[in-house]
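Naming convention: chains lettered A, B, ... in sequence-line order (proteins, then strands); numbering from 1 in each chain.
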Amino acid sequence: MDNAQYRNVFVFAEQRDGVVQSVALELIGKARDLAVDLGEKVFAVLLGKGIAASAKKLVEYGADTVIVVDHDNLKDYVTEQYTQAMYQVAVEYKPSIMLFGATTIGRDLAPRVAARLGTGLTADCTKLEISEDTKEFQMTRPAFGGNLMATIMCPDHRPQMSTVRPGVMQKCTPDASRKGEIINFAPKFDSSKFSVKLVKTEKEEKGSVDISEAKILVSGGRGVGCVAGFDKLRELAAVIGGEVSSSRAMVDAGNMPHDRQVGQTGKTVRPDVYFALGISGAIQHLAGMEESECIIAVNKDKFAPIFAVADLGIVSDLNTVIPLLTERLKKEMAK
Amino acid sequence: MKILVCIKQVPDTTEIRIDPVTKTLIREGVPSIMNPDDKGGLELALRFKDKFGAEVTVITMGPPQADLILREAFAMGADRAILLTDRKFAGADTLATSNALAGAARTLDWDLIITGRQAIDGDTAQVGPEMAEHLNIPQISYVAGLDYDGKTFTVKKQTEEGHQILQFEGKGLLTVLAPAFKSRYMSIGGIVDAYDKEVEVWGADKVDLDESKLGLKGSPTKVVKSFAKELKQPGVIHEVDAEQAVELIISKLKEKHII
Ligand SMILES: Cc1cc2nc3c(=O)[nH]c(=O)nc-3n(C[C@H](O)[C@H](O)[C@H](O)COP(=O)(O)OP(=O)(O)OC[C@H]3O[C@@H](n4cnc5c(N)ncnc54)[C@H](O)[C@@H]3O)c2cc1C
Ligand SMILES: Cc1cc2nc3c(=O)[nH]c(=O)nc-3n(C[C@H](O)[C@H](O)[C@H](O)COP(=O)(O)OP(=O)(O)OC[C@H]3O[C@@H](n4cnc5c(N)ncnc54)[C@H](O)[C@@H]3O)c2cc1C
């Protein structure tokens with residue numbers, strides 16, 4: 001394989017019901033860094049039906065070119081239809097790198113596309129970089145339940161593919177004046193392979209916010225105790241303009257819905273401030289929050305592992321600290 | 001109906017610790033188990049055996065010790081077990097693993113293939129979809145429910161927003177979520193019989209695939225480095241009373257321009 005023929009960083013711009021997903025914008029942000037290091041361009045690939053208007057948004061967030069595939073076959077996500085389209089885009093445009101969100105869609109689509117292309121795929125990456133000296137693409141990911149990190153390369157095959165969990169990479173600030181090229185691509189579909197039919201989609205009621213989007217998270221664990229304890233956290237969050245999240249222990253106990261769980265089996269978050277209140281800091285919890293800009297931990301056990309990642313560690317009883325802090329913040333915010 | 005279930009032997013990652021000095025995984029004393037999602041997949045197959053008389057074959061690729069999970073599968077009710085073991089399989093990434101399993105599947109007779117969604121060690125969730133691609137059959141991942149009316153499979157797939165109902169006829173591959181199929185225990189009779197039954201041991205020559213696609217040679221990805229996760233430099237820990245605690249937090253928030 002002649003690697004030199006393969007150029008540019010491609011992002012699968014996942015959309016659902018016509019709405020471009022946050023993870024797509026995060027990946028475009030990362031793709032920009034990679035493209036700059038390589039002296040290449042960022043391409044976003046937007047598949048769907050009636051979605052062409054979103055191309056502009058992808059440009060604003062950093063795509064140089066948007067490849068739009070607008071087709072009835074792509075109205076809803078179904079594996080084979082999307083695989084055919086992505087595969088043909090890859091064959092036609094020969095990307096050097098191709099990134100997907102590690103969502104239920106991306107993790108279904110990316111391995112199928114990788115196997116059809118006969119190339120490698122690195123899962124759930126938390127770090128993507130171009131080595132300074134050799135300009136090689138290095139993908140780093142956790143394995144063994146978060147206990148081990150591995151750096152993986154795909155030296156002899158192209159494209160080099162990876163999936164990245166939502167919330168891990170950072171979006172660029174959108175720029176409405178950015179200009180980009182928009183290409184309409186028409187794949188040749190082989191409908192004889194469309195053997196799976198989507199019968200219906202059922203949505204479940206969700207909490208009001210996506211915690212991975214919050215700038216400030218007030219997160220509680222078993223140390224907060226019961227539902228009443230969480231009311232105190234909600235009050236604190238309201239005063240400081242944040243959202244409430246929690247450890248898995250509180251989700252398992254039924255005190256919090258699963259969509260507010262932070263960690264390996266919950267969401268990955270990266271707020272400006274993460275309050276870890278009564279959370280011990282199990283490795284599975286750390287996996288979801290340790291990239292936060294600033295971590296403030298309150299725990300009465302000075303040996304709690306959460307303190308190993310905290311920027312500010314307070315050994316104290318949260319039942320007295322939280323109400324006092326809330327009162328004090330009310331005064332600060334009123335200033 | 002014939003069902004092929006792919007199962008993997010994994011270290012129980014909840015028991016894994018990192019050696020603080022060498023920064024490597026401590027594997028000693030860590031129990032090996034059947035991957036949880038695969039156990040769910042086997043349970044689903046066995047429910048089809050109970051209901052429709054399906055014949056259930058389990059297959060694993062791994063070292064000779066992986067025999068243990070195949071015996072466990074016998075004890076749960078599997079009819080046939082195959083162990084793919086050969087130096088030539090070693091060092092496989094997901095593409096090479098899926099190629100080996102697909103190569104074995106090509107020599108077998110089946111209507112449905114079931115894998116787990118994800119193995120708890122490699123954690124990639126890629127082997128199922130890649131295997132389906134090699135075999136040119138459809139896949140449905142994140143499966144939380146399955147019905148069959150004699151002709152059509154109706155599948156419940158879990159998504160971030162809720163779930164989807166999908167249907168297909170003919171051959172297919174499903175990747176299964178453990179919590180949806182709480183597995184049965186091994187029966188006492190089953191455990192006794194499990195050691196009388198034969199596990200078929202296959203080398204690379206039994207697999208319908210070019211050797212260049214197996215093992216390290218057939219793996220496009222290379223692990224170039226692995227290391228224990230670096231925790232960031234911790235800040236200062238203060239053992240203080242509540243008032244002092246509040247002062248410290250307020251000044252931190254000011255320093256970070258939050259307030
Ligand atoms: C496969 C797997 C996946 C998992 N995924 C996740 C995940 O995604 N997210 C997650 O969070 N966990 C996850 N877990 C669970 C994880 O291992 C821990 O069990 C969990 O995070 C513990 O939650 P906790 O910190 O709230 O509770 P605990 O560990 O019980 O900690 C409670 C803490 O509160 C402190 N405390 C008690 N009272 C007070 C008080 N009055 N004032 C101050 N401090 C107090 C205690 O000192 C203690 O440190 C997973 C586990 C497994 C095996
Ligand atoms: C630290 C580390 C990181 C790695 N990262 C990557 C990576 O990013 N990309 C990559 O391609 N490879 C990677 N590998 C290699 C990968 O772990 C192996 O190829 C492994 O054999 C299969 O991947 P998995 O454990 O992720 O399985 P998954 O894809 O998560 O497994 C899904 C299902 O496939 C079936 N299955 C998987 N393996 C077997 C088997 N041996 N026998 C029978 N059924 C099986 C099971 O039903 C399982 O539930 C990594 C390995 C290590 C040690």
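- For a residue to count as touching a neighbouring chain, one of its non-hydrogen atoms must lie under 4.5 Å from one of that chain's; by this rule A:Thr79 touches chain B with the side chain only.
- Only the backbone of B:Ile120 comes within less than 4.5 Å of a heavy atom in chain A; its side chain stays farther off.
- No more than 12 heavy atoms of other residues, nucleotides or ligands lie within 6.0 Å of CG in A:Asp17, so this atom counts as exposed by the packing criterion.
- Of all heavy-atom pairs between A:Ser316 and B:Ala242, the closest is OG-N, 4.2 Å.
- Residues A:Val199 and B:Leu166 fail the side-chain proximity criterion, which asks for heavy atoms closer than 4.5 Å.
- With a threshold of 4.5 angstrom between heavy atoms, B:Ala96 does not approach chain A through any atom at all.
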Passes side chain to side chain contact (heavy atoms under 4.5 Å, CB included), A:Asp108 versus B:Gln139? Steps please.
CA-CA 9 Å; A:Asp108 186 75; B:Gln139 101 231 3; 3.0 Å; yes

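- Side-chain N or O atoms of B:Glu160 include one that pairs as donor or acceptor with a backbone N or O of A:Thr104 at under 3.5 Å.
- For the set B:Asp93, B:Ile249, B:Thr159, B:Ile259, the entry with the most heavy-atom pairs within less than 4.5 Å of chain A is B:Ile249.
- With a 4.5 Å cut-off on non-hydrogen atoms, A:Ile240 touches chain B through its side chain but not through its backbone.
- Checked by atom type, the side-chain pair A:Arg107/B:Gln118 shows a donor-acceptor distance below 3.5 Å.
- Side-chain contact check for B:Ile250 versus A:Glu332: some heavy-atom pair is nearer than 4.5 Å.
- For a residue to count as touching a neighbouring chain, one of its non-hydrogen atoms must lie under 4.5 Å from one of that chain's; by this rule B:His238 touches chain A with backbone and side chain alike.
- The candidate from A:Arg16, A:His157, A:Met139 with the greatest count of non-hydrogen atom pairs under 4.5 Å with chain B is A:Arg16.
- Between atom CD1 of residue B:Ile258 and atom SG of residue A:Cys294 there is a gap of 7.5 Å, rounded to the nearest 0.5 Å.
- Between the OG atom in B:Ser251 and the CG atom in A:Leu312 there is a gap of 7.5 Å [rounded to 0.5 Å].
- Of the atoms belonging to B:Lys252, it is side-chain heavy atoms, and not backbone ones, that fall under 4.5 Å from chain A.
- With a 4.5 Å cut-off on non-hydrogen atoms, A:Ile216 touches chain B through its side chain but not through its backbone.
- For B:Asp241, the part lying near chain A is the backbone, with the side chain staying farther off; criterion is any non-hydrogen pair under 4.5 Å.
- The residue among B:Arg117, B:Lys254, B:Gln158 with the most heavy atom pairs within less than 4.5 Å of chain A is B:Lys254.
- Interface summary for chain B: among A:Asp76, A:Thr83, A:Thr119, the most heavy-atom pairs under 4.5 angstrom belong to A:Thr119.
- A salt bridge links A:Arg112 to B:Glu133: at least one charged side-chain nitrogen sits closer than 4.0 Å to a carboxylate oxygen.
- Highest contact tally toward chain B, considering only A:Thr140, A:Leu198, A:Thr320, is held by A:Leu198 [criterion: heavy-atom pairs under 4.5 Å].
- A:Ala297 does not touch chain B: none of its heavy atoms, backbone or side chain, sits under 4.5 Å away.
- Using a 4.5 Å cut-off between heavy atoms, A:Lys300 does not touch chain B at all.
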Run the side chain to side chain contact (heavy atoms under 4.5 Å, CB included) test on A:Lys302 and B:Glu239 for me, step by step, so that the C-alpha distance in whole Å, both residues' side-chain angles and the decisive distance to 0.1 Å come before the verdict.
CA-CA 8 Å; A:Lys302 70 173 169 187; B:Glu239 285 184 68; 3.3 Å; yes

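- The candidate from B:Gln244, B:Glu169, B:His134, B:Glu247 with the greatest count of non-hydrogen atom pairs under 4.5 Å with chain A is B:Glu247.
- Distance OG1/B:Thr221 to CD/A:Gln160: 11.5 Å, rounded to 0.5 Å.
- Looking at B:Lys225, the atoms closer than 4.5 Å to chain A (heavy atoms on both sides) sit in the backbone and in the side chain alike.
- Expressed to the nearest 0.5 Å, how far CG of A:Leu324 lies from CD of B:Glu243 amounts to 5.5 Å.
- What you find for B:Ala245 and A:Val321 is that their closest heavy atoms are CB-CG2, 4.0 Å.
- With chain A as the partner, the residue from B:Ile165, B:Asp123, B:Ile237 showing the most heavy-atom pairs under 4.5 Å is B:Ile165.
- Heavy-atom contacts from other residues, nucleotides or ligands closer than 6.0 Å to NZ of A:Lys75 number 12 or fewer.
- Side-chain atoms of A:Ile314 and B:Leu248, non-hydrogen and from C-beta on, do get closer than 4.5 Å to each other.
- Taking each heavy atom of B:Phe168 and A:Val196 in turn, the nearest pair found is CB-CG2, 4.0 Å.
- Looking at B:Val240, both its backbone and its side chain come within 4.5 Å of chain A, counting heavy atoms on both sides.
- Contact between A:Ser195 and B:Pro138 at its shortest, heavy atoms only, is OG-CG, 3.4 Å.
- For A:Lys127, the NZ atom is loosely surrounded, since the number of other residues' heavy atoms within 6.0 Å does not exceed 12.
- Neither the backbone nor the side chain of B:Lys213 comes within less than 4.5 Å of any heavy atom of chain A.
- Taking CD of A:Glu202 as the start and NE2 of B:His163 as the end, the distance is 3.5 Å to the nearest 0.5 Å.
- For chain B, the option among A:Asp124, A:Thr151, A:Val315, A:Val273 with the highest count of heavy-atom pairs below 4.5 Å is A:Thr151.
- Of the atoms belonging to B:Leu253, it is side-chain heavy atoms, and not backbone ones, that fall under 4.5 Å from chain A.
- Only the side chain of A:Phe275 comes within contact range of chain B, with at least one heavy atom under 4.5 Å from a heavy atom of that chain.
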